[in-house]
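A note on names: the letters A, B, ... follow the listed sequences, proteins ahead of strands, and every chain is numbered from 1. FYI, side chains are in, hydrogens and waters are out, and symmetry mates aren't considered; it's all heavy atoms of this structure. Note that this is a predicted model, so its numbers are computed, not measured.
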Protein chains: 2
Amino acid sequence: MSAASLTIGEAARRTGVSAKMIRWYEATGLLPPAARSEAGYRHYGEADLHTLRFIRRARDLGFSVNAIADLLALWRDRARPSAGVKAIAQEQIANLRRRIAEMEGMARTLEHLAEACCGDARPDCPILDDLAAGDHPPAPQRRARGMTGRGAG
Amino acid sequence: MSAASLTIGEAARRTGVSAKMIRWYEATGLLPPAARSEAGYRHYGEADLHTLRFIRRARDLGFSVNAIADLLALWRDRARPSAGVKAIAQEQIANLRRRIAEMEGMARTLEHLAEACCGDARPDCPILDDLAAGDHPPAPQRRARGMTGRGAG
DNA sequence: CTTGACCTTCCCATCATGGGAAGCCCCATC
DNA sequence: GATGGGGCTTCCCATGATGGGAAGGTCAAG
């Protein structure tokens with residue numbers, strides 16, 4: 001089907017991992033150094049594409065690059081115990097559940113506040129009142145926030 | 001109750017915003033330059049503490065610093081229409097809901113896979129089988145992932 | 001006057017990703 | 001054979017919010 005050896009751009013197109021990221025994965029050791037042509041161009045074979053798709057899928061499931069390194073090692077070890085893989089997956093599930101719960105709490109609070117805010121031309125605003133209230137608990141947990149993405153003006 | 005003028009460390013303790021972050025908020029323009037002593041030490045009054053607690057609360061609700069800049073401007077404008085505040089809040093709610101849905105999808109997939117994986121000493125592993133399968137859809141959305149936090153060894 | 005806690009600025013790291021510049025390479029077309 | 005365009009190389013920079021740490025000045029208590 002596919003050519004025996006593809007350039008990085010072709011490999012990127014076929015796996016959904018950008019050329020930039022393929023180079024970065026190599027530079028950080030997640031991938032072994034790619035084969036090079038005489039001119040220095042990287043070349044990828046079927047096995048490399050398979051690995052890249054593996055990485056892509058793992059990223060889509062939210063695994064960190066460190067976790068993927070572990071998963072790749074287990075994948076390559078045909079004698080691995082599945083317990084190791086399951087442990088990594090469950091750790092990731094726990095991470096996701098924790099972050100989801102955190103954001104769910106934020107969302108619910110904001111929904112209550114937004115519901116109480118008439119949102120018209122008048123200045124009275126329960127949302128600002130809440131933000132300005134000095135009686136909020138310290139909330140010592142690690143935050144995973146951000147991304148409203150509005151201009152500061 | 002409180003002193004009229006506090007050092008950055010005191011202000012940090014009383015507001016839950018670290019001294020590092022207070023300096024950073026000032027450097028990036030979220031906060032106006034603080035008053036300084038002759039020796040160059042920053043000093044904060046009651047109004048500053050109020051603003052810092054406002055920022056802290058907004059961060060705890062997941063607002064980005066850009067969004068907080070907007071919220072602070074509205075907060076200071078006593079004639080603002082509450083509609084503007086509500087719009088920012090609803091944008092943030094939408095962001096949170098989108099990210100929650102994304103992570104919920106990842107978590108559910110992983111839960112199904114983990115359920116199918118016996119997790120013992122045998123090498124058979126549906127989780128690795130899924131990752132290695134070449135038939136996953138491209139998934140073109142922006143990813144909000146990471147954080148398994150394992151060593152790469 | 002010493003000591004220790006605190007302040008200042010500056011640089012670096014995170015985590016994964018993209019943008020862009022400068023320069024080389026390859027192929028097709030004229 | 002020259003030329004042009006697109007792809008490849010490496011290197012630097014930015015993101016977003018946060019912390020760590022170094023080098024050096026300051027303040028207050030002893």
Novice: Closer than 4.0 angstrom, basic N to acidic O: yes or no for E115(A) and K86(B)?
Specialist: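 Here E115(A) does not pair with K86(B) in a salt bridge, since their nearest N and O are not under 4.0 Å apart.
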Novice: What is the distance, rounded to the nearest whole Å, between atom CH2 of W24(A) and atom P of dT9(D)?
Specialist: 18 Å
Novice: Once you round it to whole Å, what is the distance between P of dA16(C) and CD of E26(A)?
Specialist: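 Going from CD in E26(A) over to P in dA16(C) covers 17 Å.
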Novice: Taking the six-membered ring for Trp, are W75(B) and H50(B) parallel (under 30°), tilted (30 to 60°) or perpendicular (over 60°)?
Specialist: perpendicular
Novice: Using every non-hydrogen atom in the two residues, find where A11(A) and L52(A) come nearest and quote the distance to one decimal.
Specialist: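 Result for this residue pair: CB-CD1, 4.4 Å.
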Novice: Within this structure, what is the CZ-to-C1' distance between R23(A) and dC12(D), rounded to whole angstrom?
Specialist: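 One finds 14 Å between C1' of dC12(D) and CZ of R23(A), rounded.
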Novice: Considering heavy-atom distances to DNA chain C, does R13(B) or S18(A) have its closest nucleotide positioned more toward the 5' end?
Specialist: R13(B)
Novice: Quantified as the angle between the terminal helix axes (five pairs each), what is the overall bend of the helix from dC1(C)-dG30(D) to dC30(C)-dG1(D) to 10 degrees?
Specialist: 30°
Novice: Does a side-chain N or O from T7(B) land closer than 4.0 Å to OP1 or OP2 of dC6(C), or not?
Specialist: no
Novice: If the condition is salt bridge (charged side-chain N to carboxylate O under 4.0 Å, His left out), which residues does R78(B) pass it with, not counting sequence neighbours?
Specialist: none
Novice: For the pair made of CD1 in I8(A) and C1' in dT10(D), what is the distance, rounded to whole Å?
Specialist: 12 Å
Novice: Nearest whole Å is fine: how far is dA17(D) C1' from I22(B) CD1?
Specialist: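 Spelled out: CD1 on I22(B) to C1' on dA17(D) is 15 Å.
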Novice: Among dC6(C), dT18(D), dA16(C), which is the nearest nucleotide to the side chain of R59(B)?
Specialist: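 Side chain of R59(B) sits closest to dT18(D).
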Novice: Indicate the atoms forming the closest heavy-atom contact of L128(A) with L71(B), along with that distance.
Specialist: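 The answer is CD2-O, 3.9 Å.
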Novice: Could you walk me through whether R13(B) and E10(B) satisfy the salt bridge (Lys or Arg N to Asp or Glu O under 4.0 Å) test, starting with their C-alpha distance in whole Å, then the side-chain angles of each, then the deciding distance to 0.1 Å, before giving a yes or no?
Specialist: CA-CA 5 Å; R13(B) 252 166 263 132; E10(B) 271 302 312; 2.4 Å; yes
Novice: Which whole-number value in Å describes the distance from D60(B) CG to dA17(D) P?
Specialist: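 Rounded to the whole Å, the gap is 14 Å.
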Novice: In terms of side-chain geometry, is the basic nitrogen of E104(B) or R99(B) positioned less than 4.0 Å from the acidic oxygen of its partner?
Specialist: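 No, no charged N to carboxylate O under 4.0 Å.
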Novice: Polar pairs (N or O, both sides) under 3.5 Å between protein and nucleotides 21-24 of chain D?
Specialist:
| unit_1 | atom_1 | unit_2 | atom_2 | d |
| --- | --- | --- | --- | --- |
| dG21(D) | O6 | K20(B) | NZ | 2.3 |

Novice: At their closest point, which heavy atom of L96(B) faces which heavy atom of M106(A), and how far apart are they?
Specialist: CD1-CB, 3.7 Å
Novice: Please enumerate all residues that pass salt bridge (charged side-chain N to carboxylate O under 4.0 Å, His left out) together with R42(A), with sequence neighbours excluded.
Specialist: E26(A)
Novice: Atom CD of E10(B) to atom P of dA5(C): distance rounded to whole Å?
Specialist: 15 Å
Novice: Please name all residues satisfying salt bridge (charged side-chain N to carboxylate O under 4.0 Å, His left out) with R122(A), sequence neighbours left out, ordered by chain then number.
Specialist: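 R122(A) satisfies salt bridge (charged side-chain N to carboxylate O under 4.0 Å, His left out) with D120(A) only.
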Novice: Give me the distances for all protein-to-nucleotides 26-30 of chain D N/O pairs that come in under 3.5 Å?
Specialist:
| unit_1 | atom_1 | unit_2 | atom_2 | d |
| --- | --- | --- | --- | --- |
| dT26(D) | O4' | Y41(B) | OH | 3.1 |
| dT26(D) | O2 | Y41(B) | OH | 3.4 |

Novice: So do the side chains of H136(B) and D130(B) get within less than 4.5 Å of each other, counting heavy atoms only?
Specialist: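 Side chain of H136(B) against side chain of D130(B), heavy atoms only: contact under 4.5 Å found.
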Novice: R42(B) has an atom CZ; how far is it from atom C1' of dG25(D), in whole Å?
Specialist: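 R42(B) atom CZ is separated from dG25(D) atom C1' by 14 Å.
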